[in-house]
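To start, the structure itself, in structure tokens.
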Amino acid sequence: MEPTASLSILALLMLGLTQAVPLMEPQHVDITTRILSTNNGSRELLLEGDIVLPRTRNALVCANNNCFWKKSSTGLVQVPFTVSADFSSTDRAVIAGAMATFHSKTCIRFVDRSTEIDYLSIENRDGCYSSLGRTGGKQVVSLSTRGCVYHGIVQHELNHALGFYHEHTRSDRDRYVTINWQNIDPTMQYNFNKENTNNLNTPYDYSSVMHYGKTAFTINGLNTITPIPDASVQIGQRVDLSVIDIQRINTLYNC
């Protein structure tokens, strides 16, 4: 049995550990740069840089909503999880702080696993990555201590586990961004394929914590994603879930 450490979010917050930990990186490092550089050399086969390809089903298919977490009779969506003992108390405080935003703004509740069959196992593996939605059984959310334990990155990977793709792969993205294919390694261009997404009647969100940065997968230092019509719009933030990120979670899970 793998070692785990109990992570009581309330206890950590009461101890004030999250107050002592910086929750964001210097502003010149966007979320994609951090995630992709950390994932370089990962042994996992990753789609779009940090989504684990499922071994039992197509990542594009979610029949009968089976890849979403279930709402309990209380109206809350409980997502059981464990946290590896590899993480320090500081790391666990950052994870707890990231989860606390979901708790305060949505009906999602990350709860310590007891005997649940389906759960998230947060581990210190070789990158920042997650499966898409609920896959069944133990599913790993990797948060390498070498570069993933930041507030926005933790939220980013947890949002994948709730069932959300990257913003730039939305079915209607070509109305809002230009993909500069000439600046992307041809072997990496599949990471920019559009998905058949359910956009939940929400607008395209440049400020989403799920949006790639402008130079994701660049081979020449030039932008691979350009917002339109205003190319100066900032994308790739990792400060916190955006207002629309929160709206989508609440819509998808009928909070």
Side-chain angles (χ1 to χ4, degrees), residues 4 6-10 44 46-48 50-84 92 95-123 125 128-143 148 151-167 169-170 195-202 205 208-210 240-255:
T4 59
S6 175
L7 176 62
S8 169
I9 293 174
L10 179 59
E44 286 287 344
L46 301 172
L47 177 68
E48 298 176 16
D50 69 335
I51 299 176
V52 177
L53 284 175
R55 305 184 189 281
T56 57
R57 64 174 173 83
N58 189 313
L60 305 182
V61 176
C62 182
N64 301 317
N65 290 333
N66 286 335
C67 61
F68 301 128
W69 299 86
K70 305 301 182 184
K71 181 179 284 187
S72 71
S73 59
T74 65
L76 299 177
V77 179
Q78 294 192 334
V79 182
F81 72 98
T82 60
V83 175
S84 169
R92 287 183 280 119
I95 295 168
M99 290 178 170
T101 304
F102 290 88
H103 295 186
S104 65
K105 302 291 186 179
T106 77
C107 63
I108 303 297
R109 297 294 184 272
F110 295 99
V111 298
D112 290 328
R113 180 199 179 219
S114 55
T115 60
E116 294 88 354
I117 295 174
D118 298 344
Y119 68 99
L120 302 181
S121 179
I122 301 176
E123 301 180 13
R125 292 202 182 183
C128 325
Y129 51 79
S130 171
S131 299
L132 187 70
R134 181 176 63 87
T135 61
K138 169 187 172 180
Q139 64 184 83
V140 172
V141 174
S142 175
L143 297 173
C148 305
H151 185 83
I153 291 178
V154 175
Q155 289 183 335
H156 181 101
E157 300 307 335
L158 291 175
N159 226 24
H160 279 319
L162 292 177
F164 291 93
Y165 283 101
H166 293 116
E167 188 72 358
T169 64
R170 270 177 60 133
E195 307 289 0
N196 183 23
T197 53
N198 177 359
N199 299 325
L200 301 168
N201 294 317
T202 59
D205 185 14
S208 173
V209 77
M210 305 307 290
D240 208 351
L241 293 171
S242 72
V243 170
I244 296 176
D245 285 331
I246 292 165
Q247 178 185 349
R248 286 179 188 152
I249 295 168
N250 286 329
T251 300
L252 180 63
Y253 283 96
N254 194 26
C255 294

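Everything quoted here is computed from the prediction, not taken from an experiment.
- In this view, Asn199 and Ser171, Thr197 satisfy the side-chain hydrogen bond (donor to acceptor under 3.5 Å, both in side chains) rule, not counting sequence neighbours.
- Leu120 approaches Ala161 most closely through the heavy-atom pair CD2-CB, 4.0 Å.
- For Lys71, the NZ atom is densely surrounded, since the number of other residues' heavy atoms within 6.0 Å is greater than 12.
- Considering Arg113, Arg134, Lys70, Lys138 as possible partners of Asp118, the one that fulfils the salt bridge (charged side-chain N to carboxylate O under 4.0 Å, His left out) test is Arg134.
- In this structure Thr74 satisfies the side-chain hydrogen bond (donor to acceptor under 3.5 Å, both in side chains) test together with Ser72, sequence neighbours excluded.
- The heavy-atom pair separating Phe81 from Tyr119 by the smallest distance is N-CB, 4.4 Å.
- Of all the heavy atoms in Val154 and Ala98, the pair that sits closest is CG1-CB, 3.5 Å.
- Rounding to the nearest 0.5 Å gives a distance of 6.0 Å between CD of Gln139 and OG of Ser130.
- For Thr251, the side chain to side chain contact (heavy atoms under 4.5 Å, CB included) partners two or more places apart in sequence, or in a different chain, are Leu200, Gln247.
- Atom-to-atom distance recorded for Ile244:CD1 and Ser208:OG is 8.5 Å, nearest 0.5 angstrom.
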request  = For the pair Val111 and Val79, evaluate side chain to side chain contact (heavy atoms under 4.5 Å, CB included) and give the outcome as yes or no after the intermediate values.
outcome  = CA-CA 6 Å; Val111 298; Val79 182; over 6 Å; no
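- Using modelled atom types, one side-chain atom of Glu116 and one backbone atom of Ser114 make a donor-acceptor pair closer than 3.5 Å.
- Considering only residues two or more places apart in sequence or on other chains, Asp240 meets the side chain to side chain contact (heavy atoms under 4.5 Å, CB included) condition with Thr101, His151, Gln155.
- Counting only heavy atoms from C-beta outward, the side chains of Leu158 and Met99 approach each other to under 4.5 Å.
- Contact annotation: the side chain of Val209 never approaches that of Ile153 to less than 4.5 Å [non-hydrogen atoms, C-beta and beyond].
- Side-chain atoms of Thr82 and Asp112, non-hydrogen and from C-beta on, never get closer than 4.5 Å to each other.
- A donor-acceptor pair under 3.5 Å links the side-chain atoms of Arg109 to the main chain of Thr106, judged by distance alone.
- Of all heavy-atom pairs spanning Leu162 and Phe68, the tightest one is O-CD2, 3.7 Å.
- His160 places no side-chain N or O within 3.5 Å of a backbone atom of Tyr165 that could act as its donor or acceptor partner.
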query = Checking side chain to side chain contact (heavy atoms under 4.5 Å, CB included) for the pair Leu241/Lys105: CA distance, chi angles, key distance, verdict?
reply = CA-CA 10 Å; Leu241 293 171; Lys105 302 291 186 179; over 6 Å; no
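- Legend: residues meeting side-chain hydrogen bond (donor to acceptor under 3.5 Å, both in side chains) with Asp205, ordered by chain and number and at least two apart, are Ser207, Ser242.
- Checking side-chain atoms of Glu157 against main-chain N and O of Gly152 turns up no donor-acceptor pair under 3.5 Å.
- Residue pairs that meet the salt bridge (Lys or Arg N to Asp or Glu O under 4.0 Å) test with at least one member in residues 245-255, sequence neighbours left out, are Glu167-Arg248.
- With hydrogens and angles disregarded, no donor-acceptor distance shorter than 3.5 Å links the side chain of Trp69 to the backbone of Ile108.
- How far OG1 of Thr169 is from CG of Asn196: 11.0 Å, rounded to the nearest 0.5 Å.
- For the atom pair Ile246 CD1 and Ser104 OG, the distance stands at 7.0 Å (nearest 0.5 Å).
- Here OH of Tyr129 is found 9.0 Å from SG of Cys148. Values are rounded to the nearest 0.5 Å.
- At least one side-chain heavy atom of Phe164 sits under 4.5 Å from a side-chain heavy atom of Ile249.
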